[in-house]
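The structure under discussion appears below in the form of structure tokens.
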Amino acid sequence: MSTYLDSLNEPQRQAVLQKDGPMIIIAGAGSGKTRVLTYRIAHLMKQGVDSFNILSLTFTNKAAKEMKARIAGVVGNSESRNLWMGTFHSVFARILRTEADKLGFPTNFTIYDSQDSVRLISAIIKEKNLNREQYKPKQILGRISSFKNSLITVKAYFNNPDLQEADLHASRPEVGNIYRTYVDRCFKAGAMDFDDLLLRTNELLARFPETLAKYQDRFRYIMVDEYQDTNHSQYIIVRALADKFGNICVVGDDSQSIYSFRGANIQNILNFQKDYPDVKTFKLEQNYRSTSNIVNAANSVIEKNKTKLDKEVWTSNDPGDAINVMRTISDGEEGRFVAQSIWENQMNHQLTPDDFCVLYRTNSQSRAIEDALRKKGIDYKIYGGISFYQRKEIKDILSYLRILINPNDEEALKRIINYPARGIGATTIDRLTIAANHYKKSIFDVIKYIDKIDLKINTGTKNKLRNFMNMMQSLQIESQTKNAFEIAETVVKKAQLIKDLEKDGTPEAVSKVENVQELLNGIKDFITDKIEEGGDTSLTTFLEDVALATDFDAKKDDDKPSVSLMTIHQSKGLEYMYVYIVGLEESLFPSAMSMNTRSELEEERRLFYVAITRAEKVAYLSYAQTRYRWGKLVDAEPSRFLEEIDDQYLNYITPKSTNPAINNFVDKSIFDDAPKGIRFQKPIQRKKMERDLVKKKEIIIPKNLKKVSQTTAKANLFDGNIVVGNFVEHNRFGTGEVIALEGNGPNKKAEIKFGTVGKKKLLLQFAKLKVIG
DNA sequence: CTCTTCAGAATTTTT
DNA sequence: TTCTGAAGAG
């Protein structure tokens, strides 16, 4: 038998060997899911399944890329290349490109990102003279998005009295009309938004049976990763495609479903067994990633959720350290604690920055952490927030490129028609828009035929419009012969984009120029990569890649080792040796928006579960007592999630001083009189909603019991049972002899002579020493 | 039409 | 605190 099968455990192997029919793999955190998926695909190919017939849907493009590389390692590059692999959005965007004409879209349709969508909705609200307070563009987009994800078209909306009533009730009777106009305008602009990529795919498969049949025949084996995070629209696509052959394999973990806010429906995974009665179920329950303390602590949290599949994640790994809990005075101090701790752990365990990761609930929390890391001189990279391609200077250039491909792209046109400033103001754009709507033409066409249309625009402005049009048309001509990089370069030059920035001279402008440079380099890389792969080097493909790239995909790996900072959502599927989860405070995590219903709270809890299970060796949880929010200092209380972890897996540390200059840990003695008070002070006031939960908890967890376990945990941590002369084992340095002890409490250090690395002084608090004699 | 200034919102999470 | 959009002056 092939070697790759030998490296799998029994359930893993069975899942890999199961070839035909519907199957579900319930994969606990860290249970080797990716290995199974990879090997299963490789195995299918070894058994003679044509790689063209395998469709594999992943959660990020990066995941797809990595998986492809690993499969290539087993079956070879030339075969793996043909696999259909990617996110739902990118795979179906690719299919829509070839089928777009059936739906009345141009093949070079634009993909609107959320910013484009919000701007368009904003414009529509303005045109309809609606109150911006009542109709907040972002909220309206959210509503429209949820319609689309549930396959509620405009027509379906107007056929559904309940939905209309709901909007009427929310004093937003115009939602339906905004929806209609929005869809219309997207269609006219030859643009699809993110949700359209799925909705229109559904439309395609539903309206054109022969097209459905074509793709059913092509995708004989379908695999869906992170199935717990699929929405209804995705669910229907998968069902339709798998309907003929029924070779559908879904992989997921209901405990890690964290995307319901964007329409993910956890019922998809919970009901899979009902959808396919002859389904084969495989459970991967052994965790290979984390210490047993981490696994058990995570389990003790997720147990509190009611809706879940039956599964027991376990590990045979060592207990490892207890999970450290840290209270700080402020968010600033929290940052310093994290930075200090990372620094110490790095020194004491010979680690590099990329062994560490800091996770938070909201992007805005990153600032305090960044500041502290920067001060300590620790390299870090930050994921999320505003992605590279969303930056103004970058989007402006991309908008030029978008128009060259699709002149009807209204959002792109509105962005750059007066950037850099060329004297075409709001009034003119309004008039052009009105004319465009009147003649049922795009704004671009109206400008093109400006002399043939009667417009109330004065000659000076008309000239400016003509100049703009001349430039765009000459760029269009050049784009016929030049490659994506050359076009972009020409655009930057002709539109004088860099010049505009350079005359500014501010440091911000300088960094913008650098970003533009980086974009150009990026396009160059894109082209060389694609030539290597034998892929499509067109500008269209580049723009599509850009539109669908996640922040992860955009990041380069080859940077120097650095600490990773990201939201918990983004950490899905990743693992780090040391994980810091910060901001464990009520109203922040769980988020204030998610404390009102049980299902929302359960999702926050799953999010917490995901966070903990990212850690391989050591996890730190921290919370601050005060935090800046909107520039104001706000009091915070510890998150309920801290109380939900079984105390036996926890370990409380607290800094000595609130003085930022002093970062040493406290003498142990201050713990003795304080633990209860310091930790979960009972809130003076709780909202009605929470009160029941709190009461319940007080009954379940007897306080005195809690106190006892705390003390033991601490004692073990700092003192250990180590004496001079002991032989100890360290997981990095191997075995050594303790030759001296110094310091007290958390500062207690042991000097150890190791066979491999010589003498080392290690903080007992951090060194995971096992006494072996 | 452009540039500056000022008030008010913003922080859940993202393809 | 930082960003955005509106309003007013030139």
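Being a predicted model, the structure only gives us computed values, none of them experimental. Chain naming here is simple, since letters A, B, ... match the order of the sequence lines and numbering starts at 1 in each.
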Original post:
Does the distance from a Lys or Arg side-chain N to an Asp or Glu carboxylate O, for Lys395(A) and Asp113(A), drop under 4.0 Å?
Top reply: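 Yes, Lys395(A) and Asp113(A) are salt-bridged.
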Original post:
Can a salt bridge be assigned to the pair Glu644(A) and Arg605(A) using a cut-off of 4.0 Å between side-chain N and carboxylate O?
Top reply: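 Yes, this pair counts.
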Original post:
Among Asn202(A), Asp195(A), Asn149(A), whose side-chain hydrogen bond (donor to acceptor under 3.5 Å, both in side chains) with Ser233(A) holds?
Top reply: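 It is Asn202(A), the one option of Asn202(A), Asp195(A), Asn149(A) that forms the side-chain hydrogen bond (donor to acceptor under 3.5 Å, both in side chains) with Ser233(A).
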Would you indicate, yes or no, if [N] has its OP1 or OP2 atom less than 4.0 angstrom from a side-chain nitrogen or oxygen of [X]?
X         : N       : value
Asn363(A) : dT14(B) : yes
Asn231(A) : dT15(B) : no
Thr567(A) : dT14(B) : yes
Gln570(A) : dT14(B) : yes
Thr427(A) : dC1(B)  : yes

Could you check whether [X] gets within reach of a base, just the sugar-phosphate, or nothing at all, counting any heavy atom under 4.0 Å?
X         : answer
Asn418(A) : sugar-phosphate
Phe88(A)  : nothing
Thr428(A) : sugar-phosphate

Counting the benzene-type ring for Trp, do [X] and [Y] have ring centres under 6.0 Å apart?
X         : Y         : value
Tyr182(A) : Tyr112(A) : no
Phe187(A) : Phe105(A) : yes
His569(A) : Phe261(A) : yes

Rounding to an integer number of Å, can you tell me how far [X] [atom1] sits from [N] [atom2]?
X         : N       : atom1 : atom2 : result
Glu604(A) : dT13(B) : CD    : P     : 11 Å
Lys62(A)  : dT15(B) : NZ    : C1'   : 17 Å
Glu603(A) : dT13(B) : CD    : P     : 14 Å
Lys392(A) : dT4(C)  : NZ    : C1'   : 13 Å
Asn265(A) : dT15(B) : CG    : P     : 20 Å
Arg361(A) : dT14(B) : CZ    : C1'   : 12 Å
Asp193(A) : dT14(B) : CG    : C1'   : 14 Å
Met566(A) : dT14(B) : CE    : P     : 11 Å

Original post:
Are more than 12 heavy atoms from other residues, nucleotides or ligands located less than 6.0 Å from atom NZ of Lys126(A)?
Top reply: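 It does not: Lys126(A) NZ has 12 such atoms or fewer within range.
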Give each protein N/O atom lying under 3.5 Å from an N/O atom of nucleotides 6-10 of chain C, with the pair distance.
none

Original post:
Does any pair with a residue in residues 412-432 of chain A pass salt bridge (charged side-chain N to carboxylate O under 4.0 Å, His left out), and if so which ones, sequence neighbours excluded?
Top reply: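 Qualifying pairs, neighbours excluded: Asp396(A)-Arg415(A), Glu410(A)-Lys414(A), Glu411(A)-Lys414(A).
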**OP:** Could you measure between the two P atoms, the one in dT4(C) and the one in dT13(B), and give it in whole Å?
**Re:**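 One P to the other, the span is 15 Å.
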**OP:** Would you name the heavy atoms of Ser594(A) and Glu604(A) that are closest together and state the gap between them?
**Re:**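 Scanning both residues completely, I find the closest heavy atoms to be OG-OE2, 3.2 Å.
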Original post:
Any idea which heavy atoms bring Ala372(A) and Arg336(A) closest together, and the distance?
Top reply: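 The answer is CB-N, 3.6 Å.
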Original post:
Is there a donor and acceptor pair, one atom on the side chain of Arg262(A) and one on the base of dT15(B), closer than 3.5 Å?
Top reply: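 Checked by distance alone, the answer is no.
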Subject >> Nearest-nucleotide 5' precedence on DNA chain B, Ala426(A) against Ser114(A) >> reply: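 Looking at DNA chain B, the more 5' nearest nucleotide goes with Ala426(A).
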Subject >> Comparing Ile429(A) and Ser90(A) on DNA chain B - which has the more 5′ nearest nucleotide >> reply: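 On the 5' side of the pair lies Ile429(A).
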Below 3.5 Å is the cut-off: list the nitrogen or oxygen pairs between protein and nucleotides 7-11 of chain B, distance only.
from	atom 1	to	atom 2	distance (Å)
dT11(B)	OP2	Lys138(A)	NZ	3.2

